[in-house]
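Below: one structure, written as structure tokens.
Each chain gets a letter, A, B and so on, in the order the sequences are listed, and its residues count up from 1.
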Number of protein chains: 2
Amino acid sequence: MTDEAAMAAALEQARLAASIGEVPVGAVVVIDGEIVAARHNEREATIDPTAHAEVLALRDAAAVVGDWRLEGASLVVTLEPCPMCAGAALAARVSRVVFGAYDPKAGAAATLYNLLVDPRFNHNAEVIGGVREDECGALLTEFFSAHR
Amino acid sequence: MTDEAAMAAALEQARLAASIGEVPVGAVVVIDGEIVAARHNEREATIDPTAHAEVLALRDAAAVVGDWRLEGASLVVTLEPCPMCAGAALAARVSRVVFGAYDPKAGAAATLYNLLVDPRFNHNAEVIGGVREDECGALLTEFFSAHR
């Protein structure tokens, strides 16, 4: 599965989030070319500050695999991960993080910090940003222009 | 409730973690002088890479309060938060983060990063490190000397 195809699935999740009034961010976890988890932000619905798409997808993927170590996995998400989510990717030991839109306000995988490639941590992940960037960013722009 | 008293409760959680073979880290959330959530690391038991004490305590606290915004809350944890957990504290908008032992390998609230006081984020938290540091650190040292 290409990163673009995985991002299409993440975008579908983001659209689902928007449809229930959640900030439209979606994420999938890909292992051996298959999507094993697909989630969207549900912070409002679950009253859970940690319910970002990435955290939920990583938790689901670990449950599917039966191991909290997701070595070899790719986390594919529509928005650049925040510190919590970049840290969650490290905690889950994913091999790659692919994101769509860059986040100038909280991006911790390229923009404000590069947490995933800091050699001082016990794990690092390859980072690929800007995949289907325009589509990913447009969803957020539309959402906030409608809700603010 | 003093930070030292809250840390005693976090230490009790850390001991519970050790008793079931989990890395001994405990965390509590204090609001208006009362402990509203107390959890320990349960990454192995739940096969969840995000099941650090802080994430679990913040989720519980939000459920208790009925709001993912924990403004005014203190997160009190035996070990300096990793990037995921420091980021979770920001995502939950806690006002203070109090920790015991410094973490030279992954500390993101003082040692390797100062994520909680970065003015570029939409939220910051006061950070107090080294509370009951020796007791907090000793639990970890004992655990790893027994398990490695």
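- Most heavy-atom pairs under 4.5 Å with chain A, from the set B/H52, B/K105, B/R43, B/R93: that is B/R43.
- Linking ILVMFWY side-chain heavy atoms closer than 4.5 Å, directly or via other members, places B/V76 and B/V29 in two distinct hydrophobic clusters.
- Tracing side-chain contacts under 4.5 Å through hydrophobic residues (I, L, V, M, F, W, Y), one reaches B/Y102 starting from B/V25; they form part of the same cluster.
- Note on A/V28 and A/L116: separate hydrophobic clusters, where clusters join Ile, Leu, Val, Met, Phe, Trp and Tyr whose side-chain heavy atoms are under 4.5 Å apart, directly or indirectly.
- Separating the OG1 atom in A/T50 from the CH2 atom in B/W68 is a distance of 12.0 Å, to the nearest 0.5 Å.
- The candidate from A/L70, A/D118, A/L58 with the greatest count of non-hydrogen atom pairs under 4.5 Å with chain B is A/D118.
- Atom CD1 of A/I47 and atom CZ of B/R59 lie 13.0 Å apart (nearest 0.5 Å).
- Annotation: the span from A/M84 atom CE to B/E54 atom CD amounts to 12.5 Å, rounded to 0.5 Å.
- Note that OH of B/Y113 and CZ of A/F121 are 5.0 Å apart. Values are rounded to the nearest 0.5 Å.
- Heavy-atom pairs under 4.5 Å with chain A peak, among B/P104, B/A91, B/P83, at B/P83.
- Looking at B/A86, neither its backbone nor its side chain comes within 4.5 Å of chain A, counting heavy atoms on both sides.
- Nearest heavy atoms, A/P49 versus B/A62: CD-CB, 3.5 Å.
- Rounding to the nearest 0.5 angstrom, the gap separating the CZ atom in B/R120 from the CG atom in A/L112 is 4.5 Å.
- Linking ILVMFWY residues whenever their side-chain heavy atoms come closer than 4.5 Å, directly or via other members, leaves A/L56 and A/L139 in distinct clusters.
- When the side chains of ILVMFWY residues are joined at heavy-atom separations under 4.5 Å, either directly or via intervening members, A/I128 and A/V94 end up in two distinct hydrophobic clusters.
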